[in-house]
Every structure is written in structure tokens, then in C-alpha cells.
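Below, all heavy atoms of this structure are taken into account, side chains as well, without hydrogens, waters or symmetry copies. Everything numeric here is computed off the predicted structure, so don't read it as measured data.
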Amino acid sequence: MEVNHVDGEGEGEDMEREPLAPRNFRENHFHHSRYPGAVRKKAYIFDGDGNYYNKEWDLVEGRGKEFCWYHVELPKGNQRLSQSAQYLIDVLCPPLKLQDILSLVSNGPFCGHVDGALVFRVNSPGPASSKFTFRIAARITENSVITVSLGRVPRLGFSPANESLLSEIPVVESPSYGSSERKDKGGIVIREHVLDFLLTMNHSEEADNPVPRSVSNLVVHVIDTHVDHLQDVVTKLEIELDAVEFELDRGGFALKKQMLDDRKFPKMHLDLQRLLQVIAHGEQVFPRVKEKCSSKDWFPTEDINALEELIGRIRRLKENVGFIANRVTAIQAGLDSWQSEQINRKLYYLSFLSIIFLPLSIITGVFGMNVGGVPWTEQRDPTLKDGFQNVMFLCAAMLFVILLCFLFPFMYSRITAWRRRQVMRRSWSLNRKSFVRRAGVDGERTERGGYLRI
């Protein structure tokens, strides 16, 4: 067996497999979709004993120990928010009402009770097509959970056990290995680009997900996969930033100029700010979810502790994103400094050229004056013979005034410093004379037994 294809954009879409239980999925006759194929839907029913089955999309709640999960995956396109609301109305109404749809699809953080159900959402207001726009919302009751996500969330679903790629024995890829030799070794060849993708994952595959036994386990699983998804994006940013720093250390003028022209780091900084906004929304919502779930008798203490750990993870993730933003800022500052040095060097070359051509400009300006008396021009008119001298005197006077304006602050500071030294020297001299006089008086007083002569 050989694995050589993983779609990075689809987050490993080809790794999805059918569940272990027999499929019981059939077309829902109660909902006639106006947008067929626009959204992806998944419906599971859990028996509370660690087993799950696919079910039809009827939006009914479980009974007894059973509970149901309905997941809607909105497309990552350029559609407006109202279009996403239309998609949800199409697949969730009835039985959901308009207030339920608005609470699930609106932007921003939210956590509260809507029509008797606990609803929370972490929806960033960025463009839906951006890979740094995250939206996850859930409507929770005692026997059902309805979740809505923007695009595919890795590890959110469930797949048959013992079919995970991570449980296989890998074999080093080599051209000398034949198919029979691979079969004898009993391993699987992992291509390099597949390893690159797996190294950016901070979680296992869907086949390794423990099947929830209660609604509380399912809620923890949904939040956990959202945090893992954010962690994956942060890891990819770190890897990309490390590669860029390595290229900058090795690159030269062309690479740095290209990065400045492409505005790579300002764009990366903007993406980090969007990611920080998503994490900040989660930091606001998830503690409130834990607080509201702790009052439910069907939400055990173990899952409350698991939510507390996830809150701690997202806070540490926020700090990590802050460190990455500081690195991006430092790199951009270094590039700006390099650009300033290049501009100063070009200005230095221009000033050097101006120094070379300045005497020529002066000569051409002087001999191009339309006055009389210019030497070597054979002007014989006696009434105009002093014109050139007068103009030169005027230029000399203007030059003297300009130099005086430039030299006046310098001379003023030097004179002020000289006067200050003179005052300090005179003050020191008076203090010394006073000290000597007091010392003489004290000596005379000592010689005469401490009495002054009258």
C-alpha cells in the first residue's frame, strides 16, 4: 500500500472513510432543499455505550441514553452572511426558528440560552474565503447537538477504528524497494509531501477519535477540534516564518526587494491580527460555556475539567500568536531599515555627482549673466563695465549673510559656553580665597589659644 496524495487545502479530505457501523443514510423526504449540494451535512446517532451510526437528516432528538448530532458545513466562498443564513434556513428549518438561525450564523462571540437551548458561537467577521476566518457555532440540548462550521474542521467527524494512517508501520521511501519487498516488510511508504502535511497537524485522525458517550463528551470534542484547528494554523505560520527568515539570511538584494514590493510581512501581520481576534472570541465564549454547563445536571465534572484545560490551551495559544506577531514586526523593521540604508546610499551617490558638477554650474551661471563687464566677452561699452563687479559684490554679500546665518548658532553656543566657564572659574577663585582667608584666621586663633586679637 502506498500513500502519495494529500490535499493541503482540504485538510486531508481524501483521508475520510466510512464509519464502522453499517450505513443507514437515506434521502430525507421531509426537507426539500432549495440549494442541493451547497452545504455538506452529517448526521450521527450515539447509543451512549461507545457506538454510533449514520442517520437520516430529520433533526429529531434522541431518547433515553441516545443522543443525536447534526453538523452543517458551510462553503468557504465569497458569499454574503445573508446567503449563509439562507443555507441554514434551508437545512435546519423546521424545526428551528429564525432566532435560532440568527444566533448560529451572526458574527462575533455569543453564549446564551435561545428558545430553551444553550447556544454558543465563535464567528470571526472576516471574508469567508480567507483561511484565517473561522466560524463554529453549536446549539446544545440534553439529547441533541447541532453544529455549524465554515469549511471543513479537521478531526471533527468520526471514522472506523483501526484504519488510521498513524497506526501503520512506515517504511523509508527508496527506489531500490520493490513492491514485493514492501509487502514482506509489512509497512507503508509515506511520501515526503505527506509527511510535510502530517507534521503540521497537532492532533490525530478521525479514526482515532474516542466516540462520545454523552452530550457533554460531544461538546468537549467540538471545542477541542476547534482549538486543534487554530493550533494547526499557528504551526503552519511558524513553519512559514522560519522558512522566510532562513531565506532572508541567505538572500540578497533581489529577495529583500521582492518581499518589500509584495508586502509579505504586512499581510502576514494582518492575518495574525485576524487570528488573534478569533482566539480572543474563544477566550470570551468558552469560559461562559463552562459556567453555563456547570449548572446542568447532565454535564459531569470530568467534562467541566476538560473545558477548563481547553480554556488554558487557547490562552497559551494567544500568547504564542503574540510572539509570532512580534517576530513579524521585528523582521519588517529590519527590512525597513535595510530599505532606508539603500535610499541613503543612493542619495549619497547623487550628492557626490552634484559636488562634481557644482563648479561647472557656477561657472556657467557666472558667465551667462546678462550684464556688462563680463571678462573675455570683448564688451567695450564704458557705461557697462562695472556691472559684472557689482553683481559679484552682491553675490559675495549674500553668501556672507547665508554663512553668518549658518554660523550664528554655532558661534552663539561657543560664546555661551566660554562665558559659563569664565563665571565658574571666577566663582571657584572667590571660593578659594575665602577658604584660604578662613584657614588663616583659624590658624591665628589656634596659635593664640583660641582668642582673636582686638
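Under the 4.5 Å side-chain criterion, counting only non-hydrogen atoms from C-beta, T147 is not in contact with V153. In this structure the side chain of C293 reaches within 4.5 angstrom of the side chain of L118, judged on heavy atoms. Using a 4.5 Å cut-off on side-chain heavy atoms (C-beta onward), S124 and R274 make no contact. Between L272 and F132, every side-chain heavy-atom pair lies at or beyond the 4.5 Å cut-off. At a threshold of 4.5 Å between non-hydrogen side-chain atoms, the residues V215 and V145 count as touching. Y87 is listed as a side-chain neighbour of P75, based on a closest heavy-atom distance under 4.5 Å. When side chains are defined from C-beta on, F46 does not count as touching N217, because their heavy atoms never get closer than 4.5 Å. Using a 4.5 Å heavy-atom threshold, the side chains of R135 and V148 count as separate.
The CG atom of N320 sits 11.0 Å away from the CZ atom of R316 when rounded to the nearest 0.5 Å. With rounding to the nearest 0.5 Å, the separation of NZ in K318 from CD in E283 is 4.0 Å. Remark: C93 SG to D100 CG distance equals 7.5 Å, nearest 0.5 Å. Distance CG/L260 to CG/L335: 5.0 Å, rounded to 0.5 Å. For the atom pair D336 CG and I331 CD1, the distance stands at 12.0 Å (nearest 0.5 Å). From L150, atom CG reaches atom CG of N123 across 8.5 Å, with rounding to the nearest 0.5 Å.
Side chain of H281 to main chain of G108: no donor-acceptor pair is present (N/O by atom type, distance under 3.5 Å, no hydrogens or angles). No donor-acceptor pair under 3.5 Å is formed between the side chain of S337 and the backbone N or O of A333. Remark: the backbone N or O of E66 is paired with a side-chain donor or acceptor of N143 at under 3.5 angstrom. A donor-acceptor contact shorter than 3.5 Å is absent between the side chain of R139 and the backbone of L104. One N or O on the side chain of T133 and one on the backbone of P127 form a donor-acceptor pair closer than 3.5 Å. Between the side chain of S354 and the backbone N or O of S351 there is at least one donor-acceptor pair closer than 3.5 Å. At least one donor-acceptor pair closer than 3.5 Å links the side chain of N344 to the backbone N or O of S340. Side-chain atoms of S294 come within 3.5 Å of backbone N or O of E291 as a donor-acceptor pair.
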ask   = Going through the distances and angles, do I136 and T225 end up as a side chain to side chain contact (heavy atoms under 4.5 Å, CB included)?
value = CA-CA 10 Å; I136 186 74; T225 52; over 6 Å; no

query = Where do Q342 and K257 land on the side chain to side chain contact (heavy atoms under 4.5 Å, CB included) test, with the steps shown first?
reply = CA-CA 10 Å; Q342 298 299 318; K257 188 176 184 303; over 6 Å; no

key: Verdict with supporting geometry, E245 and R327, side chain to side chain contact (heavy atoms under 4.5 Å, CB included)   = CA-CA 10 Å; E245 288 180 344; R327 288 176 60 187; 2.9 Å; yes

request  = Please report the C-alpha distance between I140 and V289 in whole Å, then the side-chain angles of each, then the deciding distance to 0.1 Å, and finally whether the side chain to side chain contact (heavy atoms under 4.5 Å, CB included) criterion is met.
outcome  = CA-CA 11 Å; I140 307 165; V289 172; 5.5 Å; no

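The two atoms that bring K292 and G112 nearest to each other are CE-CA, 3.9 Å, heavy atoms only. Considering all non-hydrogen atoms of both residues, V114 and S103 come closest at CG2-CB, 4.1 Å. Annotation for S214 and D303: closest pair OG-OD2, 4.2 Å, computed over non-hydrogen atoms. Annotation for R315 and P287: closest pair NH2-CG, 4.2 Å, computed over non-hydrogen atoms. Residues R213 and G50 approach most closely at NH1-N, 3.6 Å, considering heavy atoms. The shortest non-hydrogen separation linking H269 to A325 is CD2-O, 4.0 Å.
Within a 6.0 Å sphere centred on NZ of K97, other residues, nucleotides and ligands contribute 12 heavy atoms or fewer. K76 NZ: more than 12 foreign heavy atoms inside a 6.0 Å radius.
Using modelled atom types, one finds no donor on one side chain facing an acceptor on the other under 3.5 Å when comparing S216 with W298.
Note: Y70 and W57 have perpendicular aromatic rings, judged against thresholds of 30 and 60 degrees for the angle between ring planes.
The pair D224-R313 meets the salt-bridge criterion, since a charged nitrogen lies less than 4.0 angstrom from a carboxylate oxygen.
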